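For this chain, numbers begin at 1 and follow the sequence in order. In listed order, ligands and their atoms are each counted from 1. Small disclaimer: the values here were computed from a predicted structure and weren't measured.
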Amino acid sequence: MSKSSAKPATIYLKDYKEPDFLIETVDLTVELGEEETIVTSRLAIKRNDETATKLSLNGEHLTLQSVKMDGHMLTPDEYSVTDEWLHLPVAAITSEFSLEIITRIKPQENTALEGLYKSSGNFCTQCEAEGFRRITYFLDRPDVMAIFTTTIVGDGDRYPVMLSNGNLTLQETLPDGRKRVTWQDPHPKPAYLFALVAGDLAVVEDKFTTRSGRDVKLQIFVEKGNEDKCDHAMTSLKKSMKWDEEKYGREYDLDIFMIVAVSDFNMGAMENKGLNIFNSKYVLASPETATDADFDGIESVIAHEYFHNWTGNRITCRDWFQLTLKEGLTVFRDQQFSADMNSAPVQRISDVQGLRAAQFPEDAGPLAHPIQPQSYVEINNFYTATVYEKGAEVIRMIHTILGEENFRKGMDLYFERHDGQAVTTEEFIAALEDGSGIDLTQFRRWYITPGTPEITVNEKFDAETGQYTLTLAQTNLKAGKDPEPLHIPLKLGLLDVNGNAVPFSDGPFKGETEGVFDLTKKRQSFTFSGFSTQPRASLFRGFSAPVKIRQESSDDALAFFFAKDEDLFNRWDAGQRLASNILLKQIEDAGDGTSLPSAFLDAFAETLSDKTLDRAFTAAALTLPGEQDIAQKMPVVDVDAIHRVREGARRQIGLTFEDDWRRIYEECENAPSPANQPASSSRKLKNTALSYLIATGQEEFITLADSQYRKSKNMTDSVAALAGLKDINHPVREAMFADYYEKWQKDALIVDKWFTLQAMATRESTIDDIKALMEHPAFTLRNPNRLRSLIGAFASGNPVYFHDKSGDGYRILSGVIAALNKTNPQIAARLVAPLGQWRRYDKDRQDLMVTELEKILKLPDLSDHVYEMANKSLHN
Ligand code: B3K
Ligand code: ZN
């Protein structure tokens with residue numbers, strides 16, 4: 001919350017200064033109560049700057065009861081307290097001293113879900129980035145790493161399970177009947193990795209034996225009744241532990257690893273040392289209750305949080321400007337893991353889809369920032385797609401430039417050199433450089449450059465000499481005037497007219513059919529010789545750099561790559577580019593999407609009948625680019641035209657290939673997936689077929705969806721049936737949605753899907769439906785999952801109605817932001833971004849969006865979180 005009406009302060013990386021004091025040990029006692037919770041903190045403090053005469057501890061929303069320094073009780077005139085700080089004078093000669101601070105808090109009133117709060121009657125914590133200061137006064141910054149001992153005292157009947165980081169060392173019943181437990185964490189850690197949980201929870205247990213032979217107890221705590229939904233999470237955890245040993249040589253370091261699932265959580269999950277706390281969405285699953293996509297999400301988030309144990313916890317960030325040090329690297333690691341567990345090309349396609357959907361618009365808009373921001377008002381606003389997903393692409397580029405072996409050498413050195421430290425991205429890169437022997441001087445620019453680079457491609461072929469020259473030029477509109485060029489890895493393969501790979505006849509990759517070239521200049525040419533006809537270049541294979549390619553490609557050329565490129569990512573991408581080009585052309589010509597050129601239809605047919613492909617890949621290749629993908633390619637976004645032509649094209653594709661879709665539907669329904677493919681691949685393709693069949697508009701396929709829904713024993717098929725019908729007005733649709741709610745109303749995660757499907761519907765009644773859903777007894781602003789399921793899904797996933805020309809969509813969003821501004825500012829701020837895209841729309845919509853942003857900026861008691869996002873959205 002802003003502490004006064006003054007503009008909130010901006011924090012700059014350049015102002016970083018080492019802490020004046022360090023905290024060596026923390027001994028916390030947390031007495032849980034229904035009215036209030038009392039926190040006693042005993043700190044062993046050591047001077048770090050010999051000139052400092054004042055110790056300032058962070059603290060917010062705390063009631064201070066008492067402070068003792070070296071056993072001496074301080075009187076109020078011996079310290080000063082503000083809304084954000086506790087200041088204590090420290091004599092210049094004092095090098096070490098102890099503090100005992102007693103504070104009172106009210107977790108049951110904490111709706112921001114930061115610090116200690118209650119979820120479904122259980123106590124839990126979220127301390128990253130700056131939540132610990134809402135529990136007690138502390139040096140709440142990641143470069144202060146301390147050894148924690150935590151004692152929890154409370155009603156053992158209400159809260160039989162009491163957990164914190166590390167190992168359980170004591171458990172007893174006090175004379176007054178209360179329960180007391182003590183946990184000791186031997187690993188020094190910053191306060192943001194502290195966790196505490198107390199509640200009446202069920203536990204599912206397993207174990208993992210590390211490669212050095214140590215047994216680790218694995219426990220997943222869930223609300224009672226959910227024990228049977230933990231198998232997938234547990235399996236994913238064991239796979240992650242094994243993978244990190246094999247891939248990076250990293251073993252787990254405590255005797256116990258705990259995961260707790262809670263239903264009220266601002267983010268996906270949190271990597272607290274030895275005690276991960278998860279949004280239940282990323283733990284609970286059974287085929288009846290969770291979709292295949294949910295299963296994938298669980299596998300990757302469990303892995304992500306587990307991998308943080310090394311990349312984040314043992315080696316942490318010096319300050320929050322280094323956030324990508326742990327997040328970019330850990331996303332890269334979880335992407336590698338998912339690629340190893342599943343189909344690598346399908347995984348890569350999904351990673352890039354995510355990047356393009358969320359990060360590219362961010363990087364092109366008013367909230368653009370480098371993966372290492374240089375300033376912030378509220379750090380929680382920087383847990384962004386840029387820091388995470390582009391951050392992961394940056395690590396991936398290092399991996400591509402160094403190669404697998406050298407990358408591992410660099411990572412080994414990083415772990416060896418910095419274990420137990422709080423470090424900077426610069427120290428990370430230096431370790432990678434030293435370990436691999438490869439210079440990354442120019443590459444470092446990626447860390448401080450915002451914006452997506454655009455690469456213009458020109459080709460020249462000299463039939464006489466047989467020389468083929470590829471010229472690439474890089475520009476970046478967001479990187480300032482005349483920016484220095486970035487070091488961009490170009491993974492390249494050349495194909496002959498038949499689509500066969502042609503080996504390089506000279507240069508560093510002589511004899512090979514694929515190579516990684518270093519693009520380091522603003523404009524750079526690569527010449528290849530030995531061709532009798534002009535080759536075709538498959539550029540940036542596997543999406544080897546997070547760039548946009550600007551290349552005049554004919555439909556025929558794109559259709560060629562769509563049908564023939566052996567790099568499956570590029571094959572998919574060519575199909576997407578081809579489809580986008582066609583749809584954009586139709587928009588230009590005011591078409592309806594139905595006249596699709598034969599180059600497209602032929603290539604589509606080829607993929608449709610190629611039985612050698614993974615069914616999940618086929619499904620991705622046969623899905624048209626999303627409306628938001630197409631929008632990114634228009635100078636002024638026309639949501640209605642995009643929707644019209646895309647739906648027209650889907651109908652046309654449905655009709656043209658109706659027999660194929662029927663065949664595919666049958667095959668996928670009745671024949672099991674080929675041995676090397678999971679059953680989910682078949683469901684994916686089957687449901688793609690269903691969606692095209694429904695798009696034909698024929699009644700028979702509404703019946704097919706209905707029967708799929710009725711027969712379905714798994715959530716994937718049920719949701720696909722609902723999704724297939726969500727946009728139409730039909731009694732079957734109404735009956736299906738009513739039945740689904742009736743059946744699943746007790747399961748919050750499933751009800752979330754029900755809200756989301758309706759939030760993304762495109763029917764004339766959509767806006768009214770959303771308003772009615774906001775009044776639905778099951779809707780609440782208090783639960784972040786529920787809020788995202790309706791409002792988040794609407795604002796980010798329903799371009800046609802969010803941008804309805806009445807402005808109602810914008811008003812719904814700004815109303816919710818206003819309602820959440822005080823209760824949960826972190827979530828409120830996250831909702832601002834869709835309005836920040838206003839410059840991309842026509843004048844009328846711009847005005848409407850700007851009006852809402854202005855309204856938000858005038859809210860009474862505007863939180864710093866929302867202020868920063870709305871202010872930048874309006875003025876940057
Ligand atoms: N590190 C946490 C995110 C914390 C968010 C704070 N607002 C989850 C993760 O990235 O693993
Ligand atoms: Zn993370």
Side-chain angles (χ1 to χ4, degrees), residues 60 110 112-115 117 124-134 140-142 165 189-195 236-237 240 244 259-262 264-279 281-283 297-317 319-338 351 354 358-359 371 373 376-392 395 422 425 784 788 820 824-831 863-866 868-869:
E60 290 175 19
N110 179 351
L113 314 185
E114 275 188 287
Y117 66 95
C124 64
T125 53
Q126 171 56 36
C127 293
E128 187 178 358
E130 299 178 334
F132 193 73
R133 63 187 64 181
R134 301 177 65 128
D140 191 5
R141 44 187 289 170
N165 320 83
K189 65 168 178 289
Y192 84 86
L193 291 172
F194 170 81
S236 303
L237 174 60
S240 309
D244 215 13
I259 289 175
V260 180
V262 301
D264 302 280
F265 205 69
N266 281 345
M267 308 275 291
M270 178 63 212
E271 69 265 23
N272 317 301
K273 184 75 187 188
L275 177 55
N276 286 191
I277 298 182
F278 269 62
N279 185 326
K281 178 177 163 59
Y282 291 109
V283 174
I298 290 168
E299 184 179 76
S300 80
V301 178
I302 293 265
H304 180 97
E305 305 312 331
Y306 175 72
F307 296 155
H308 267 316
N309 190 54
W310 274 95
T311 51
N313 299 4
R314 291 187 69 122
I315 306 183
T316 193
C317 302
D319 56 76
W320 293 120
F321 295 102
Q322 319 300 327
L323 187 55
T324 203
L325 171 86
K326 74 177 178 81
E327 295 305 346
L329 178 56
T330 305
V331 172
F332 172 66
R333 277 154 46 73
D334 84 54
Q335 290 180 349
Q336 279 189 310
F337 166 76
S338 295
D351 296 340
Q359 200 277 327
I371 63 166
Y376 61 76
V377 170
E378 170 51 60
I379 185 56
N380 281 308
N381 288 334
F382 283 84
Y383 286 74
T384 58
T386 298
V387 168
Y388 275 65
E389 273 74 34
K390 186 176 177 182
I395 306 292
T425 59
R788 281 186 283 256
L820 281 169
N824 190 335
Q826 206 182 116
I827 295 286
R830 289 195 160 258
L831 293 172
S863 63
D864 293 355
H865 305 63
V866 176
E868 180 174 35
M869 299 297 272

* **E305 and Y282: side chain donor to acceptor below 3.5 Å** => no

* What are the atoms of ligand 1, with element, lying closer than 4.0 Å to any heavy atom of H308? -> 9 (C), 10 (O), 11 (O)

* To do: Answer whether the closest heavy-atom distance between the side chains of H304 and N276 falls below 4.5 Å.
  => no

* Looking at the rings of F321 and Y376, which for Trp means the six-membered one, are their centres under 6.0 Å apart? -> yes

* Ignoring hydrogens and angles, state whether a donor on the side chain of T311 or T330 is under 3.5 Å from an acceptor on the partner side chain. => yes

* Structure fact -> Taking only non-hydrogen atoms of Q826 and a 4.0 Å limit, the atoms of ligand 1 in range are 7 (N)

* M267 neighbourhood, listing ligand 1 atoms whose heavy-atom distance to it stays under 4.0 Å -> 3 (C), 5 (C)

* Do E305 and ligand 1 have an N or O pair less than 3.5 Å apart? -> yes

* To do: Could you see which bit of E128 sits under 4.0 Å from ligand 1, with heavy atoms only: side chain, backbone, both or neither?
  => both

* Asked: Has the side chain of N380 got a donor or acceptor atom that lies under 3.5 Å from a matching backbone atom of Q826?
  -> no

* For the Zn ion (ligand 2): the N/O/S atom of H304 at shortest distance -> NE2

* Heavy-atom side-chain proximity of Y383 to Y388 below 4.5 angstrom -> yes

* For atom 7 (N) of ligand 1, the protein heavy atom that lies nearest, with its residue and separation -> N380 OD1, 2.7 Å

* **Shortest protein contact, atom 8 (C) of ligand 1 (heavy atom only)** => A269 O, 2.9 Å

* Please answer whether the main-chain N or O of H865 pairs with a side-chain N or O of N381 as donor and acceptor at a distance below 3.5 Å. => yes

* To do: Output yes when a side-chain donor or acceptor of Q359 lies under 3.5 Å from a complementary backbone atom of K390, and no otherwise.
  => no

* Whether E114 lies under 4.0 Å from ligand 1, heavy atom -> no

* Do we see a donor-acceptor contact under 3.5 Å between the side chains of N165 and N272? -> no

* Relative to the heavy atoms of M270, which atoms of ligand 1 are at a distance of less than 4.0 Å? -> 1 (N), 2 (C)

* Structure fact -> the Zn ion (ligand 2) -> H308, closest N, O or S atom is NE2

* Can you find an N/O atom of Q126 closer than 3.5 Å to an N/O atom of ligand 1? -> no

* Aromatic rings W320 and Y192: how do their planes relate, parallel, tilted or perpendicular, breaks at 30° and 60°? -> perpendicular

* Among all protein non-hydrogen atoms, which one is nearest to atom 10 (O) of ligand 1, and what is the separation to 0.1 Å? -> Y388 OH, 2.5 Å

* E327 atom (N/O/S) at minimal separation from the Zn ion (ligand 2) -> OE1

* **Which of the ligand 1 atoms, numbered from 1, are nearer than 4.0 Å to a heavy atom of E271** => 1 (N), 2 (C), 8 (C), 9 (C), 11 (O)

* Could you tell me whether K326 approaches ligand 1 through its side chain, its backbone, both or neither, with non-hydrogen atoms closer than 4.0 Å? => side chain

